[in-house]
Amino acid sequence: MEDEYAKLIWRMNPPRVVIDNDASQDATVIQVDSVNKHGILLDVVQVLSDLNLIIRKAYISSDGVWFMDVFKVIDHNGNKIRDKEVIDYIQRKLENNPGFGFVPSLRGSVGVVPSEEHTSIELTGTDRPGLLSEVCAVLADLHCNVVNAEIWTHNTRAAAVVHVTDDSSGRAIKDSSRLSTIRDLLCNVLRGDCDPKTARTTLSPPGITNRDRRLHQIMFADRDYERVEKAGKGEIRDKSSFPYVTVLDCIEKDYTVVTMRAKDRPKLLFDIVCTLTDMQYVVFHGVVCTDGTEAYQEFYIRHVDGLPISSEAERERLVQCLEAAIERRVSEGMELELCTEDRVGLLSEITRIFRENSLCIKRAEISTEGGKAKDIFYVTDVTGNPVDPKIIDSIRRQIGQTVLRVKHDSSLPPKAPHQTTFGFLFGNFFKARSFQNFKLIRSYS
């Protein structure tokens with residue numbers, strides 16, 4: 001009944017989205033005004049992130065019953081958003097979607113769940129060299145074609161969301177006996193020779209959960225934020241990408257203030273807001289700024305019960321979880337791009353070649369469209385050190401020089417980051433202005 005009442009209020013006060021290409025010289029300004037609801041900030045950021053838009057600045061306010069946000073965004077080429085179809089999509093998605101802001105509960109979702117187009121499989125276990133290759137080999141032997149997938153590794157843990165089809169019909173696998181076999185064999189692979197209690201093959205209901213959000217939820221449930229001694233031994237770590245997170249009290253206004261500095265990258269804001277939302281925190285006010293290389297974020301938060309953080313243990317846990325959220329998507333090692341005609345068993349073959357040449361896949365994005373496979377792999381050697389270019393040359397000759405190419409190598413020495421002393425981005429704002437006048441800070445500059 002509460003949800004129905006909330007939906008009625010939502011329909012009476014639908015969101016208003018203004019997209020302006022004239023208010024700023026270097027970015028498109030998107031302003032969203034709406035009835036407030038827990039999770040709405042994540043919904044808005046998710047729409048922008050799904051379009052691969054880069055958020056340069058953001059101003060957030062959601063005190064009381066109203067939500068107001070301003071985003072300055074650009075596309076991946078650094079240009080304003082001029083495509084009318086994209087602009088119309090953003091407005092349609094945020095203004096006319098009756099389910100906007102109402103995310104179904106994700107608790108209790110287990111098993112291999114088929115949809116009409118594909119079967120979605122979630123995996124989690126202890127990371128080790130060759131794990132993805134073994135998973136792909138099992139799927140190929142079971143006549144499963146990987147349509148798309150995303151694989152993350154962090155702090156000795158690995159998680160994946162994989163969409164597969166039957167290789168003969170091209171449709172989802174619905175036979176319960178076959179699904180059970182897939183689940184059991186994948187669990188055996190994930191267990192390996194150790195940690196038999198930590199390997200899981202579980203999936204989310206199709207069509208209701210963003211894949212990146214599920215990966216965050218899987219790794220959070222797997223407690224990957226807990227540091228493991230010696231976990232980073234031999235790993236490539238770009239010092240400039242280390243996140244700096246602080247959690248402090250704002251006693252005057254009864255908030256907890258979270259500030260972050262990290263190397264800027266796509267979807268960074270989504271990762272932060274996703275984690276805060278799933279940890280049951282509400283962002284009341286916030287500022288996001290990027291300077292092209294580093295991102296600065298500051299949020300005034302409370303728990304959903306309306307109270308700020310009250311214990312040192314909770315502060316430490318929030319810091320750990322936000323650092324993990326930032327690090328999970330950090331691109332370690334050499335970035336390889338595979339583009340070729342898709343075929344059954346292609347991913348199994350490619351990952352086998354990587355494994356035989358002692359490459360370790362730290363993260364991967366697998367996709368197919370129009371019969372073409374476009375896969376991104378981030379690789380190191382098995383000890384976490386930079387890959388020998390001679391090995392990559394050998395693999396490219398084996399796979400095809402035009403099929404596999406090197407896009408980026410993060411192991412190259414980065415530029416030294418400039419040091420920044422943290423203060424509240426809002427400064428003494430709360431001393432000078434009342435919350436009723438909070439919206440006056442909305443500046444497109």
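Just so you know, residue 1 is the first one in the sequence shown, and it goes up from there.
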Please tell me whether T340 and D342 have a donor and an acceptor in their side chains that are separated by less than 3.5 angstrom. no
Rounded to the nearest 0.5 Å, the CG atom of L94 sits from the OG atom of S34 at a distance of 9.0 Å
side-chain contact (heavy atoms from CB on, under 4.5 Å) between N210 and F270: does it pass, once the steps are laid out? CA-CA 11 Å; N210 175 276; F270 170 84; 3.6 Å; yes
Walk me through it: do K372 and E341 pass the test salt bridge (Lys or Arg N to Asp or Glu O under 4.0 Å)? CA-CA 5 Å; K372 295 278 188 179; E341 294 290 330; 2.7 Å; yes
Ignoring hydrogens, what is the shortest heavy-atom contact between R363 and V330? Give both atom names and the distance. NE-O, 4.2 Å
Over all heavy atoms of both residues, which pair between V283 and S62 is shortest? Give the atoms and the distance, please. O-OG, 2.7 Å
Decide yes or no on side-chain contact (heavy atoms from CB on, under 4.5 Å) for V247 and V257, but give the supporting numbers first. CA-CA 6 Å; V247 178; V257 184; over 6 Å; no
Any side-chain heavy-atom pair of R82 and T28 under 4.5 Å: no
Hey, could you give me the CD1/CZ distance between I392 and R405, rounded to the nearest 0.5 Å? 14.0 Å
Can a donor-acceptor pair be found between the side chains of N145 and R343 at a distance below 3.5 Å? no
Would R261 pass as a cation-pi partner of Y296, given that its NZ or CZ must be under 6.0 Å from the six-membered ring centre and within 45 degrees of the axis? no
For a 4.5 angstrom cut-off between non-hydrogen side-chain atoms, does V161 reach E150? no
First locate atom CD1 of I326, then atom CE of M260, and finally report the distance between them rounded to the nearest 0.5 Å. 6.5 Å
Roughly how far, to the nearest 0.5 Å, is the CD1 atom of I218 from the CG atom of L123? 8.0 Å
Any chance you could lay out the salt bridge (Lys or Arg N to Asp or Glu O under 4.0 Å) test for D224 and R328, step after step, and finish with the verdict? CA-CA 9 Å; D224 74 309; R328 287 169 191 148; 2.8 Å; yes
Between D167 and T165: side-chain donor-acceptor atoms closer than 3.5 Å: no
Taking atom NZ of K374 as the centre, report whether more than 12 heavy atoms of other residues, nucleotides or ligands fall under 6.0 Å from it. no
Side chains of R178 and H143: does their closest heavy-atom pair fall under 4.5 Å? yes
Are a donor atom and an acceptor atom from the side chains of N148 and H163 found within less than 3.5 Å of each other? yes
I'd like to know if the side chain of E95 reaches the main chain of V17, judged simply by a donor and an acceptor atom lying under 3.5 Å from each other, with no hydrogens or angles considered. yes
Less than 4.5 Å apart, side chain to side chain, heavy atoms only: is that true for C321 and M279? yes
Atom of L346, atom of A373 and distance for their closest heavy-atom approach: CD2-CB, 3.7 Å
Between R214 and Q217, is any side-chain donor less than 3.5 angstrom from a side-chain acceptor? yes
Less than 4.0 angstrom from a charged side-chain N to a carboxylate O is my criterion; do D75 and K80 meet it? no
Stepwise, does the salt bridge (Lys or Arg N to Asp or Glu O under 4.0 Å) test hold for D50 with R211? CA-CA 10 Å; D50 286 348; R211 185 173 64 185; over 6 Å; no
In terms of side-chain geometry, is the basic nitrogen of D278 or R213 positioned less than 4.0 Å from the acidic oxygen of its partner? yes
From the list T246, T256, D249, L248, side chain to side chain contact (heavy atoms under 4.5 Å, CB included) partner of R315 resolves to D249
Full working for side-chain contact (heavy atoms from CB on, under 4.5 Å) between I350 and D375: CA-CA 10 Å; I350 297 300; D375 304 338; 5.9 Å; no
Has the side chain of N21 got a donor or acceptor atom that lies under 3.5 Å from a matching backbone atom of V29? no
Are K84 and D88 close enough, and set up right, to give a salt bridge (Lys or Arg N to Asp or Glu O under 4.0 Å), and what steps lead you there? CA-CA 6 Å; K84 189 176 185 303; D88 289 345; 2.8 Å; yes
Kindly confirm or rule out a cation-pi arrangement of R302 over Y281, judged by NZ or CZ under 6.0 Å from the six-membered ring centre and within 45° of its axis? no
Check whether any side-chain heavy atom of H303 lies under 4.5 Å from a side-chain heavy atom of Q280, and answer yes or no. yes
So which heavy atom on D271 is nearest to which on T275, and how close? O-OG1, 3.0 Å
Relative to each other, are the rings of F354 and F377 parallel, tilted or perpendicular (30° and 60° limits)? perpendicular
Hey, does R16 have a side-chain heavy atom less than 4.5 Å from the side chain of D33? yes
Less than 4.5 Å apart, side chain to side chain, heavy atoms only: is that true for E117 and V147? no
Provide the closest heavy-atom pair for A295 versus D264 in the form atom of the first, atom of the second, distance. CB-OD1, 3.7 Å
Residue from V146, V135, T119, L132 passing side chain to side chain contact (heavy atoms under 4.5 Å, CB included) with V162: V146
Any side-chain heavy atom of L48 within less than 4.5 Å of one from F71? yes
Tested for ring-ring contact (aromatic ring centres under 6.0 Å, His included) against F284, the lone hit among F299, Y255, Y300 is Y255
Decide yes or no on side chain to side chain donor-acceptor pair (under 3.5 Å) for T126 and R157, but give the supporting numbers first. CA-CA 5 Å; T126 302; R157 308 302 298 164; 2.6 Å; yes
Inter-residue atom distance C144.SG - D166.CG, 0.5 Å rounding: 7.5 Å
Quick check: are there more than 12 heavy atoms from other residues, nucleotides or ligands sitting under 6.0 Å from CD of Q401? yes
In short, I81 meets I87 closest at the heavy-atom pair O-CD1, 3.4 Å
side-chain contact (heavy atoms from CB on, under 4.5 Å) between T277 and L41, worked out: CA-CA 9 Å; T277 303; L41 175 60; over 6 Å; no
CG (L318) and OH (Y225) are apart, to the nearest 0.5 Å, by 11.0 Å
